[in-house]
Amino acid sequence: MAGQFSRRMVGVYQHCGEAHLHRYLAEFDFRYNRRAALNISDTERSEDLLRMARDKRLTYRRIGEASHT
(Lines give C-alpha, C1' and ligand atoms only; values in the text may rest on other atoms or scores of the structure.)
Protein backbone atom coordinates (compact mmCIF):
# COMPACT_ATOMS: atom_id res chain seq x y z
CA MET A 1 0.00 0.00 0.00
CA ALA A 2 2.91 2.38 0.68
CA GLY A 3 4.04 1.92 -2.92
CA GLN A 4 0.60 2.86 -4.23
CA PHE A 5 0.58 5.99 -2.08
CA SER A 6 4.07 6.90 -3.27
CA ARG A 7 3.11 6.46 -6.93
CA ARG A 8 0.00 8.60 -6.44
CA MET A 9 2.03 11.36 -4.78
CA VAL A 10 4.59 11.42 -7.59
CA GLY A 11 2.11 10.89 -10.42
CA VAL A 12 -0.73 13.14 -9.33
CA TYR A 13 0.44 15.69 -6.79
CA GLN A 14 4.22 15.94 -7.40
CA HIS A 15 4.79 17.62 -4.03
CA CYS A 16 3.25 17.53 -0.59
CA GLY A 17 4.22 19.75 2.29
CA GLU A 18 4.47 18.19 5.75
CA ALA A 19 1.72 20.47 7.04
CA HIS A 20 -0.80 18.95 4.61
CA LEU A 21 0.37 15.32 4.59
CA HIS A 22 -2.56 14.24 6.78
CA ARG A 23 -4.99 15.52 4.14
CA TYR A 24 -3.33 13.57 1.35
CA LEU A 25 -3.31 10.44 3.52
CA ALA A 26 -7.01 10.88 4.33
CA GLU A 27 -7.88 11.17 0.63
CA PHE A 28 -5.77 8.12 -0.21
CA ASP A 29 -7.44 6.18 2.61
CA PHE A 30 -10.90 7.14 1.34
CA ARG A 31 -10.10 6.12 -2.24
CA TYR A 32 -8.32 2.89 -1.27
CA ASN A 33 -11.12 1.73 1.03
CA ARG A 34 -13.74 2.42 -1.66
CA ARG A 35 -11.90 1.07 -4.73
CA ALA A 36 -13.57 -0.84 -7.56
CA ALA A 37 -11.92 -4.10 -6.45
CA LEU A 38 -14.25 -4.05 -3.44
CA ASN A 39 -17.27 -3.78 -5.80
CA ILE A 40 -18.07 -0.21 -4.79
CA SER A 41 -19.54 1.75 -7.67
CA ASP A 42 -18.81 5.36 -8.56
CA THR A 43 -22.34 6.23 -7.45
CA GLU A 44 -21.84 4.65 -4.02
CA ARG A 45 -18.46 6.36 -3.64
CA SER A 46 -19.98 9.74 -4.54
CA GLU A 47 -22.86 9.23 -2.11
CA ASP A 48 -20.37 8.35 0.67
CA LEU A 49 -18.38 11.50 -0.06
CA LEU A 50 -21.45 13.74 -0.02
CA ARG A 51 -22.73 12.13 3.18
CA MET A 52 -19.36 12.70 4.89
CA ALA A 53 -19.24 16.33 3.70
CA ARG A 54 -22.69 17.18 5.03
CA ASP A 55 -22.64 19.92 7.71
CA LYS A 56 -18.95 20.68 7.11
CA ARG A 57 -17.64 24.08 6.13
CA LEU A 58 -14.51 24.81 4.14
CA THR A 59 -13.11 28.18 5.06
CA TYR A 60 -10.07 30.09 3.87
CA ARG A 61 -8.03 32.79 5.52
CA ARG A 62 -7.78 36.05 3.64
CA ILE A 63 -4.39 36.98 2.25
CA GLY A 64 -2.39 38.73 4.96
CA GLU A 65 -4.66 37.47 7.75
CA ALA A 66 -2.79 35.97 10.70
CA SER A 67 -3.15 32.21 11.03
CA HIS A 68 -3.27 32.27 14.84
CA THR A 69 -6.16 34.71 15.37
Side-chain angles (χ1 to χ4, degrees):
M1 185 170 9
Q4 292 173 344
F5 177 72
S6 179
R7 283 193 302 275
R8 177 172 294 277
M9 288 304 297
V10 171
V12 176
Y13 301 114
Q14 286 88 36
H15 175 73
C16 171
E18 187 176 336
H20 299 288
L21 183 59
H22 66 284
R23 291 184 174 108
Y24 289 98
L25 287 169
E27 178 188 353
F28 178 79
D29 181 55
F30 177 84
R31 290 175 182 262
Y32 186 81
N33 289 325
R34 290 164 181 82
R35 63 193 185 276
L38 298 177
N39 295 324
I40 296 178
S41 70
D42 289 340
T43 301
E44 291 171 309
R45 189 172 21 255
S46 298
E47 289 170 351
D48 283 349
L49 180 63
L50 292 173
R51 186 172 34 265
M52 290 167 45
R54 188 174 299 138
D55 298 325
K56 306 251 191 240
R57 287 182 31 187
L58 178 62
T59 59
Y60 294 94
R61 288 190 310 269
R62 296 189 182 273
I63 295 175
E65 186 177 303
S67 63
H68 60 276
T69 59

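What you see is a predicted model, and the numbers here were worked out from it, not measured in a lab.
- In this structure, the side chain of E44 engages the main chain of S41 through a donor-acceptor pair within 3.5 Å.
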**Message:** salt bridge (Lys or Arg N to Asp or Glu O under 4.0 Å) for R23 and E27? Distances and angles first, verdict last.
**Reply:** CA-CA 6 Å; R23 291 184 174 108; E27 178 188 353; over 6 Å; no

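- Side-chain atoms of D48 and R51, non-hydrogen and from C-beta on, do get closer than 4.5 Å to each other.
- For the atom pair I40 CD1 and N33 CG, the distance stands at 8.0 Å (nearest 0.5 Å).
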**Request:** Just do the side chain to side chain contact (heavy atoms under 4.5 Å, CB included) check on D29 and L25 with the steps written out, would you?
**Result:** CA-CA 6 Å; D29 181 55; L25 287 169; over 6 Å; no

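- Put simply, CG on L49 and CZ on R54 are 11.5 Å apart, with the number rounded to the nearest 0.5 Å.
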